[in-house]
Amino acid sequence: LDRPPVAAALVNRLDLADYKAEARGSGRWWGSDGEGTEGIVELVHADTSTRIYYLEGTHRSRYLPDVSGKAVVFLRMAAITDSNRLPAMDSTLVAYARLDNRFLSGVASVLRPLIASTVGRKLAKGVDVVNRLGLEMRQRPDRVLFEATDPPALPDEDVAYLKEALGAMAPATGRIEHARP
């Protein structure tokens with residue numbers, strides 16, 4: 001969550017989704033979900049369990065006109081133990097969106113359940129992909145590191161950050177081990 005370009009590169013290299021992201025200054029990124037939605041994401045607040053983002057973006061579709069708007073997204077995360085007694089994350093996501101086009105905004109108010117469902121699905125998909133990346137990092141750290149260093153390798157600074165993160169996930173020995181089948 002704190003390095004979207006690195007996360008997007010790993011998500012693509014691990015074939016989890018077709019995301020792209022580029023840094024656009026401190027705490028700002030351009031991103032695309034590969035399915036017609038793209039825009040600028042700005043991190044407004046971050047602590048150990050909460051992230052607040054401000055988004056400005058556009059969604060392009062074959063069947064509808066381009067829709068642009070803004071959103072504020074609140075994400076709260078808590079480490080939990082799942083039913084199999086494995087570490088997991090419980091994520092709560094709340095988003096407030098506003099469309100830029102007055103006509104579409106008026107139509108959206110009539111179609112609020114459909115629009116809210118679509119926006120919620122897009123945001124939830126992003127959280128799900130990040131969760132899947134986290135699972136991949138925990139279960140197959142060697143594969144993740146291989147993908148990060150496979151040419152063209154991620155920048156040295158990002159590889160060092162990734163090694164540190166993978167080391168923090170490693171068992172008590174501090175070594176990165178192969179995931180068990």
Side-chain angles (χ1 to χ4, degrees), residues 1-60 66-80 87-101 105 108 115-138 141 144-145 147-149 152-169:
L1 291 175
D2 296 329
R3 291 188 178 216
V6 175
L10 290 172
V11 161
N12 287 324
R13 290 174 181 216
L14 295 165
D15 293 323
L16 300 175
D18 188 24
Y19 284 12
K20 293 178 179 63
E22 298 171 2
R24 297 282 169 97
S26 179
R28 287 178 55 94
W29 303 274
W30 168 86
S32 168
D33 70 355
E35 297 177 352
T37 302
E38 67 177 62
I40 297 291
V41 177
E42 184 171 348
L43 178 63
V44 176
H45 171 79
D47 61 35
T48 57
S49 64
T50 306
R51 300 289 189 282
I52 300 173
Y53 298 98
Y54 173 73
L55 293 79
E56 291 187 21
T58 303
H59 178 74
R60 291 175 177 80
D66 291 358
V67 177
S68 63
K70 298 165 183 59
V72 176
V73 177
F74 300 89
L75 177 61
R76 181 162 304 249
M77 304 159 290
I80 61 169
M89 290 298 287
D90 178 41
S91 302
T92 302
L93 185 139
V94 176
Y96 298 94
R98 187 183 95 208
L99 302 180
D100 291 338
N101 182 299
S105 186
I115 301 293
S117 171
T118 301
V119 170
R121 219 174 22 255
K122 283 282 187 182
L123 293 171
K125 180 184 176 207
V127 171
D128 178 60
V129 169
V130 169
N131 284 339
R132 288 182 13 223
L133 175 59
L135 284 173
E136 195 71 21
M137 290 171 72
R138 181 172 291 285
V144 172
L145 191 56
E147 292 296 343
T149 56
L154 296 178
D156 291 343
E157 171 187 318
D158 292 333
V159 171
Y161 176 82
L162 183 60
K163 284 180 181 179
E164 184 179 322
L166 291 172
M169 291 181 177

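All values below come from the heavy atoms of this structure, side chains included, with hydrogens, waters and symmetry mates left out.
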Atom pair CG (D128) and CG (L133), whose distance is rounded to the nearest 0.5 Å:
11.5 Å

Count the heavy atoms belonging to other residues, nucleotides or ligands that lie under 6.0 Å from CG of D156, then report whether that count exceeds 12.
no

Hey, what do you get for CG (L43) to OH (Y53), rounding to the nearest 0.5 Å?
5.5 Å

Side chains of S91 and R76: closer than 4.5 Å at any heavy-atom pair?
no

Donor-acceptor pair, side chain of R51 and main chain of L75, under 3.5 angstrom
no

Main chain of L16, side chain of R132: is a donor-acceptor contact present, judged purely on distance under 3.5 Å?
yes

Min side-chain heavy-atom separation V41-P4 under 4.5 Å
no

Side-chain donor or acceptor of N12 paired with backbone N/O of A8 under 3.5 Å:
yes

Shortest non-hydrogen contact from W29 toward A23:
CD1-CA, 3.6 Å

I want to check something: taking the side chain as every heavy atom from C-beta on, are V73 and V94 in contact at a cut-off of under 4.5 Å?
no

Is it true that K125 and D33 have a side-chain N and a carboxylate O under 4.0 angstrom from each other?
no

Hey, could you give me the CD/CD1 distance between E56 and I40, rounded to the nearest 0.5 Å?
8.0 Å

Interatomic spacing from CD in E147 to CG in D15 - rounded to 0.5 Å:
7.5 Å

Does the pair K20/E22 count as a salt bridge with the N-to-O cut at 4.0 Å?
no

Sub-4.5 Å side-chain heavy-atom contact between L162 and E164:
no

For residues L166 and P141, report the shortest heavy-atom separation together with the two atoms involved.
CD1-O, 3.7 Å

Looking at Y161, I'd like to know if the NZ or CZ of R3 sits under 6.0 Å from its six-membered ring centre while staying within 45 degrees of the ring's axis.
yes

Please round to the nearest 0.5 Å and tell me the distance separating atom CG of L145 and atom CG of L10.
9.5 Å

Gap between atom CE of M77 and atom OG1 of T48 - 0.5 Å precision:
8.0 Å

Is V72 close to V44 at the side-chain level, that is, under 4.5 Å between some pair of heavy atoms?
no

Any side-chain heavy-atom pair of V144 and L14 under 4.5 Å:
yes

Minimum side-chain heavy-atom gap R24-E42 below 4.5 Å
no

Hey, are the side chains of L154 and V6 touching, using non-hydrogen atoms and a 4.5 Å cut-off?
yes

